Each structure stands twice: as C-alpha cells, then as structure tokens.
*Asks:* 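Can you keep this structure in mind? I'll have questions shortly.
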Amino acid sequence: MLWDFFCSLKLSIFLLIGLAITSIIGTVIPQVPVPSEYIQTISPFKLQLYGKLGFFDMYHSWWFILLLYLLTVNLIACSIKRLPRVWKIISEPTLVMDDGFERSLSLTHEIKATGTAPALKDKMAAFLKAEFAEPIVTEVSGEYHLFAQKNPYCRLGVYVVHLSIVIVFIGALIGSFFGYKAYVNIAEGSSVDSVESRSGKIMDLGFSVRCEKFAVSFYDTGAPKEFKSILTILENGKPVPGYENVKVIVNDPLTYKGITFYQSSYGAAGDTLYRFSVRKRTGGQPVPLITHEQDRTPLPDGSFMQIIGIAPEVGSDFPGCSGPGAKLEITRPDGRKEYSIVLLNPACRDFDEKRGGDLIFTFDGKDEKYFTGLQVAKDPGVWVVWLGCSLMVIGICMAFFMSHKRIWIRVGNGRVTLGGTASKNPAGFELVFQELAAKLDSGTK
C-alpha cells in the first residue's frame, strides 16, 4: 500500500502543485533580510505567523525541504516501477512478426514477390540496411523475419529527466546545508574579510575584498543607469594576481574560491567632501576651500565658513538653476554672522555676488564617497545543479524530439509483409513507412 502511494501519479501532481505554490509565496513575500518597510506594512499577527511558517526564508523551511524529499522519493519509486518494462522493450525486442503480432501493428503492407525465400531474405536485409537500419534476421518454420529499429534508447528520456530532477534537488540541498547567502557593504578604499549571513551570522571569507572605487551613472530622470564596483581580492594583505581591479556590475559578478560577489546596491558612505572657492570683492585670486558639512573652515580674512544645509536640487526655488546648492554661514571676526546660498550650476555661479558681501563664494562641486552593497553567495552544489540541468536538457530532447521506430519484414510463401510502429509522432512515422513501402514495391517488381 505504501509502495503504491509513492508510485502514484496523483502524488506527483500534488507535490508539483505544492512546490509551485510555495515558490509563488517565496516570490511575493520578501525573503530574509526582510526590509523594514515591508514589516511596517503588516500586522504583528501576520509577522508572527509568517515567521513561524518560514515564509521569510521559504526555500530553507522544513516543509519546503520535505516537499523536495517526497518528490524525490516519488520520482525514484515511479522509475523503479516502470523502468523494467521499458528496458525489456529495448533490450529484448520482439524479433518475430507472426500473424497475431501483425494484427496489433497500426501499419502493415504486403507485397507479392518472386524468388526463393533465402534470396528474398538477403534482398530485404540489404534494403533495410540501406533505407532504415541494420536488421536482425530470425528464421521460424521456413519463414524469415527481419527486425530493425532506430533510437530505442529514447524511451529512457523520461527517466533521464527524473534522474536530472533528483540530481538538481541534491545539488540544491548541498548548497542549502553547506553554502550560504550573505551581504556586505564596503566603502570606497576600505576592505572586509567577513560577511553577514541572512540569519545575522558572521561568515569569515578566508581572504579580503577591497573596493577600489565605486561609480554610478544616472538617466536624465535621476534614476540610476548603471552602478559598478572595482574590486580587488587580497591574500595576506597582497593583491591576488588576476583579481586586481575587477569590474563588477549587475549580472556580471566576481567569483573567487567558490564565493561569488554580486553587485546589489549602493549608498553614500557619509564622508562627502565639498569644494568651494572664495574671493574678495575688491579683487584677487580665488582661494580654494575643501570642507565637510558642519565643519568650521577658516577663511583668509579670519572669518569662518560652515555648511549648514545641502540641497540636491534647487530648481524649484531658483528657476533656471537646477542642480545642487549649499547654504553657508559665515562668522566674521567680530562675531557677526552672514548667510550665503551658492549653487553648483555653472550658469548660476555668480549668484552669491548679488548678496553684496565682502567675500564672494562659489560652489565648485563635491567628492562623494560611496559604499558598494554586495550580495555574497557560496554554493558548493552549483556544479551538481548544472549537471542535473544538462541531463534534463538531454532527457527532454530524448523524450520529446526522438521516437523509437521499429520495422519488421516477414519473408515466406512468395510474399513479403512489411510492418512498423513508432513510440511517438505516428503521423510522421506513417509518411516514413509509406515511403519505405513504395520503395519496396518498386524494388520487388
């Protein structure tokens, strides 16, 4: 009873539907690390329920793994039950086409021929070898039976697919138990030698990764167009040859020692340098200034300058002057405070000159440091999965694009009887059979 249960096609359909539903859940509900924005949108009850059901780590939940185990057992059981019959068809084909077997064939054709049976037998053998496949000749009661076949092993295609699915599952389980997925942020110019897994566990890499530079480009709408990291792998503090200044972009990761780094996100590292120039209204060369936000920076006349506000876009307040702007507080030597607004847009660089102060400021740009956000994955089962995928392609081609074609010829009593059948595409095989019959007709006249 238990054996029949695991061999059931209904069980296969149920398990496949179950895996499809769980995959949909894992796609719709964010997986760990769960964004705080999503947590704020659901009730505490749902948060607790989803956590207990493993919805936030769907593909590592006990019941998802159980479905994989059950489907694996189901595939193995179905294959064991049905494979011996299919293997017998391949390894022990029916060599003799007697009257009863002839009636079971969907395609038959009879020809009257002259000549002795041995001579006709040799002629039919040469015909099958030239037009179809090398025949096996069997003599029974003075009649000769010739059997030829093509692609007998394509009947095993479905079992190759079953095996490939099992191998893919094994590879996935190896990756689940012995691999990990993690995340790390690396500021430009810094390096890390460990990453944080989705469960919050710190994983040692065994080497270091340094972000040499991060660059991002934008569309005119302000949306990110491309962001990339320049990474270097370090062993014992020294760059590894061949892994220096490697460009990493989305869909073009870096892999080293089985660990793959994917470009995932980016952000400001919080160490932005702002560049200004200041000159006296009475004349003279501009003096360059480099400062951080909120730093008090001394000026040539003994005053101090401090950035008290940065706006990434000022176009709504200053038409025609789109782009970043900064608000400055100038503290004069006598303690008086003045305020200035300076804009980065080249067309508005003389904006502060209209203020009328003794010192005129211009905004020359900013040197903003970024951090690169990398997704880190170690999957020792990936090659097992690739093997399974390759076998699956082979099995699908065998199962859907190849057909086991069989031809029988019986020679005796001045008659030649042709019979044939195919495991798939009977309409296509019928055309092949009719062509063989026509050639046989013309060759025996």
Side-chain angles (χ1 to χ4, degrees), residues 79 82-164 390-445:
S79 299
R82 295 169 175 81
L83 182 58
R85 181 178 62 85
V86 175
W87 182 251
K88 187 174 182 179
I89 294 174
I90 297 172
S91 60
E92 301 177 18
T94 302
L95 301 178
V96 175
M97 184 176 63
D98 54 24
D99 292 338
F101 187 73
E102 180 185 348
R103 286 191 294 270
S104 69
L105 297 177
S106 57
L107 297 171
T108 57
H109 183 75
E110 189 171 298
I111 305 165
K112 290 184 178 181
T114 58
T116 64
L120 286 174
K121 179 260 297 182
D122 293 338
K123 188 175 183 180
M124 293 301 104
F127 171 78
L128 282 177
K129 183 177 180 180
E131 300 293 338
F132 191 72
E134 181 78 38
I136 299 174
V137 180
T138 305
E139 183 180 1
V140 178
S141 302
E143 292 184 329
Y144 293 97
H145 298 262
L146 293 83
F147 169 75
Q149 62 179 345
K150 280 185 176 181
N151 306 323
Y153 291 101
C154 73
R155 289 181 176 270
L156 299 177
V158 64
Y159 304 102
V160 175
V161 173
H162 287 182
L163 176 62
S164 70
S390 301
L391 281 177
M392 184 176 295
V393 172
I394 294 172
I396 289 173
C397 291
M398 292 171 62
F400 291 99
F401 301 105
M402 299 175 68
S403 175
H404 181 198
K405 304 179 183 71
R406 293 176 290 173
I407 292 290
W408 290 266
I409 294 181
R410 184 176 64 235
V411 178
N413 300 322
R415 293 184 307 168
V416 174
T417 304
L418 177 68
T421 185
S423 61
K424 287 186 289 292
N425 189 17
F429 179 70
E430 185 175 357
L431 297 176
V432 175
F433 184 84
Q434 291 174 352
E435 184 179 350
L436 287 174
K439 289 181 179 179
L440 195 59
D441 280 338
S442 62
T444 54
K445 290 181 180 179

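Source: prediction; values computed, not measured.
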*Asks:* Side-chain contact, heavy-atom cut-off 4.5 Å: I111 with L418?
*Replies:* no
*Asks:* Just wondering, do L156 and L83 contact through their side chains at under 4.5 Å, heavy atoms?
*Replies:* yes
*Asks:* When rounded to the nearest 0.5 angstrom, what is the spacing between CD1 in I407 and CD in E131?
*Replies:* 11.5 Å
*Asks:* Does any N or O in the side chain of S164 come within less than 3.5 Å of the main-chain N or O of L391, such that one atom is a donor and the other an acceptor?
*Replies:* no
*Asks:* Heavy atoms only: give me the nearest F132-A148 pair and the separation to one decimal.
*Replies:* CE2-O, 3.6 Å
*Asks:* So F127 and P135, do their side chains get closer than 4.5 Å, heavy atoms only?
*Replies:* no
*Asks:* Heavy-atom distance under 4.5 Å between the side chains of R82 and Y159, does that happen here?
*Replies:* yes
*Asks:* With the side chain counted from C-beta on, respond yes when L440 and H109 share a heavy-atom pair under 4.5 Å apart, and no when they do not.
*Replies:* no
*Asks:* Walk me through it: do I396 and M392 pass the test side-chain contact (heavy atoms from CB on, under 4.5 Å)?
*Replies:* CA-CA 6 Å; I396 289 173; M392 184 176 295; 3.8 Å; yes
*Asks:* Between E139 and K121, does any NZ, NE, NH1 or NH2 come within less than 4.0 Å of an OD or OE carboxylate oxygen?
*Replies:* no
*Asks:* Side chain of K424, backbone of M402: donor and acceptor closer than 3.5 Å?
*Replies:* yes
*Asks:* Testing the basics here: between I90 and Y153, what is the closest heavy-atom pair and its distance to 0.1 Å?
*Replies:* CG2-CE2, 3.7 Å
*Asks:* Is it the case that over 12 heavy atoms from other parts of the model lie below 6.0 angstrom from the CZ atom of F101?
*Replies:* yes
*Asks:* Between H404 and S423, which heavy-atom pair has the shortest distance, and what is it?
*Replies:* N-OG, 2.9 Å
*Asks:* Where is the tightest heavy-atom contact between F147 and L95, given as atom of each residue plus distance?
*Replies:* CD2-CD2, 3.7 Å
*Asks:* Find the distance between CZ (F400) and SG (C154) and round it off to the nearest 0.5 Å.
*Replies:* 12.0 Å
*Asks:* Could you pull out the closest heavy-atom pair between A133 and Q149, with the gap in Å?
*Replies:* CB-O, 3.5 Å
*Asks:* Distance check, rounded to the nearest 0.5 Å: W87 atom CH2 versus E92 atom CD?
*Replies:* 10.0 Å
*Asks:* Can you find a heavy atom in the side chain of D99 that is under 4.5 Å from one in the side chain of R410?
*Replies:* yes
*Asks:* Testing T94, I89, N151 for side-chain contact (heavy atoms from CB on, under 4.5 Å) with R406, which one passes?
*Replies:* I89
*Asks:* Can you check whether F429 reaches S403 side chain to side chain, under 4.5 Å on heavy atoms?
*Replies:* no
*Asks:* Scan V137, I409, I136 and name whichever one has a side-chain contact (heavy atoms from CB on, under 4.5 Å) with L128.
*Replies:* I409
*Asks:* Under the 3.5 angstrom rule, does the side chain of H145 hit a backbone N or O of M97 as a donor-acceptor pair?
*Replies:* yes
*Asks:* Does any part of the side chain of L120, heavy atoms only, come nearer than 4.5 Å to the side chain of Y144, both counted from C-beta?
*Replies:* no
